[in-house]
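The sequence lines fix the lettering, A, B, ..., with proteins before strands; numbering per chain opens at 1. Because the structure is predicted, anything quoted here is derived from the model rather than measured.
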There are 2 protein chains.
Amino acid sequence: MNNWVGMTEEQAGIVQKARKRVIESIGKNMDLYGVTLSTGHLYGMMFFQDKPMTLDEMGEEMGMSKTSMSTGVRTLTDLKMVHKVWEKGMRKDLYEVEPDWYQTFADFFVIKWQKSIEMNVQALRKSLVELRRLAEEDPGNEALQKVVATDTRKLEEAIRYYLWLGRLIDTFESGEIFKLVPKEEPPADSH
Amino acid sequence: MNNWVGMTEEQAGIVQKARKRVIESIGKNMDLYGVTLSTGHLYGMMFFQDKPMTLDEMGEEMGMSKTSMSTGVRTLTDLKMVHKVWEKGMRKDLYEVEPDWYQTFADFFVIKWQKSIEMNVQALRKSLVELRRLAEEDPGNEALQKVVATDTRKLEEAIRYYLWLGRLIDTFESGEIFKLVPKEEPPADSH
DNA sequence: TCGTACGTACAGAAAAAACTTTACAAACGT
DNA sequence: ACGTTTGTAAAGTTTTTTCTGTACGTACGA
C-alpha cells in the first residue's frame, strides 16, 4: 500500500492502524450512499492512496478478484466518488478518489435523488390528471367526489414537497448551498 | 383498502390504478432511505389510508405475514416516517403515516446521517491524535514525517467536511433550512 | 497482421437478506 | 385468576445479492 522504507516496523504499524480505523469507519457508513460494505472499503482504501491505482493493485490490496474491483470502481465512478486518470504510455486504467468531498456529497444528490424526484413527480402528476378527469366525468357522485378530493389533496401536497426537494438539490448543484451554509464556520457573533 | 360503495366498478378501478402507480413509485425510490422495496411499498400503501391501520390490516392489504408488517413498521417508525396512534378501547396498535414530508426528510438526515457523521469524526480524530503523537516522537525521521503529514492533511480536510455536513443537517433539525430554501417558491424577481 | 494484455460480461458458487412459520411473553378483558 | 389476544423473537426457508472464475471482445505493440 505504501513505501514504508525509512520507518521502523512499529511506526509503519501505527500509521496502518490509524488508516485502517478510518477506512473501516468510512466503509461502514457508505451504505448511506447505497454502496456495499466492500465497495465502501475500497473507497476508503483508495482515499489513502497517493497515486492513481490500477484494478490489479486494488485487487491485491483488497484481497479480492479483479472482477469485483471492476464493478466496485464502476459503482464509485457512477457516483463520481472516483474518477479515471489518464497517464501517457499507460495501458491499464488508473483511478483515484475525487478529493473534494463537498462536491462528492452534492453530486450524490444530484445523481441519485434528482432522478428519484423526477420519477415520483411524474407518477404523481399522471395519477393526478387521471383523478381529476374521473371527478369531472361524474360530478354528481358524492362518494366518488370525496375519495378523489382526498387523494388529490395528498398528491398535490406530495408534489409540492418534491418541488421543494428539487430546489434544495439545485442549490447543491449550483454551489449556492455553500453560500447558505458556508464551508468555513462563521465567527461567533459577539454582542 | 377503502369504502368503494357509491362508485362503479370502473371508477373504483381507476382510483386504485392511480394509487398503485404512486405507491410503486414511492416504494421503488425509498431505497434511498435504506429501506427494502416491500417496506417502501408498505409505506406507500399506508400513505393512502385515511385512518390508522393495525398490523393485521396491513398484512391483509400487502398479502404478507404479520411478522413482516411488524418489522416493516418498526423500520418506518425508527425513521419517523410512521408513528403509533393511541385510540381508547383499542387493543391493537395503530399506525399512520407522518403527513409532513418535509419533516420526514429532515428527520431522516438527523437520524441516519448525523450518526454516521459522529462515527466518522470520532474515528478521524482518534487517528489524527495517534499520527500527531507518532510524528512528535521521531521528528528527525523524514520519511515518517512526510507520510504523517500527508495523512494528517487528509484527515483534517475530512473532518472539516464532516463539520460542514453537520452544520447543514443542523439546519434541517432546527428548521432553518426552510428559511434558506423556502417551501413556497419565491415569486420571480421582476426587473 | 498477429499476439498479448486489459477490462468486463456471464455463469456459477457462496453469502446475506428477506420472508414465513412457529413459539412465547406481555397485556388485556372477563 | 384465567383464558385470549397481540406483538415480536427465533429458527428455518426462500429469494436476492455479492463474489469468483472463466471466457471473450477490444485495443495496443511489435
Gap between atoms [atom1] and [atom2], on [X] and [N] respectively (whole Å):
X: A:Tyr95; N: C:dG7; atom1: OH; atom2: P; value: 7 Å
X: B:Lys88; N: C:dA27; atom1: NZ; atom2: C1'; value: 21 Å
X: B:Glu57; N: D:dT6; atom1: CD; atom2: P; value: 11 Å
X: B:Trp86; N: C:dA27; atom1: CH2; atom2: P; value: 11 Å
X: B:Leu37; N: C:dA18; atom1: CG; atom2: P; value: 11 Å
X: B:Lys84; N: D:dG7; atom1: NZ; atom2: P; value: 8 Å
X: A:Asp56; N: D:dT20; atom1: CG; atom2: P; value: 14 Å
X: B:Asp31; N: C:dA17; atom1: CG; atom2: P; value: 16 Å

- Query: Does A:Phe47 have B:Lys154 sitting over its ring (NZ/CZ under 6.0 Å from centre, angle to axis within 45°)?
  - Reply: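 Yes, a cation-pi geometry holds between B:Lys154 and A:Phe47.
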- Item | Distance under 6.0 Å and angle within 45° of ring axis: B:Lys183 vs B:Tyr102 |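 Relative to the ring axis of B:Tyr102, which defines the angle, B:Lys183 lies inside both limits.
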- Message: For the residue pair B:Glu96 / B:His83, report whether a side-chain donor-acceptor contact shorter than 3.5 Å exists.
- Response: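 Indeed, the side chains of B:His83 and B:Glu96 share at least one donor-acceptor pair under 3.5 Å.
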- Where the side chain of A:Lys92 is concerned, which of C:dG7, D:dC28, C:dA9 is the nearest nucleotide?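 Of the options given, the side chain of A:Lys92 lies nearest C:dG7.
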- Nucleotide nearest B:Met64 (side chain, heavy atoms from C-beta), chosen from C:dC28, D:dG7, C:dC19: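 For the B:Met64 side chain, the nearest candidate turns out to be C:dC19.
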Less than 4.0 angstrom between a side-chain N/O of [X] and OP1 or OP2 of [N], yes or no?
X: A:Thr36; N: D:dT17; answer: no
X: B:Ser38; N: C:dC19; answer: yes
X: B:Ser70; N: D:dG7; answer: no
X: B:Lys66; N: D:dG7; answer: yes
X: A:Arg91; N: D:dA30; answer: no
X: B:Ser68; N: C:dC19; answer: no

- Roughly how far, to the nearest 0.5 Å, is the CG atom of A:Leu144 from the CG atom of A:Asp138?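 These two atoms lie 5.5 Å from each other.
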- Query: Any donor-acceptor pair under 3.5 Å between the side chain of B:Thr67 and the base of D:dG7?
  - Reply: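 Per atom types, no contact qualifies.
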- Message: Tell me whether B:Thr8 contacts the main-chain N or O of B:Gln11 through its side chain, where contact means a donor paired with an acceptor under 3.5 Å.
- Response: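 Judged by distance alone, yes, a pair lies under 3.5 Å.
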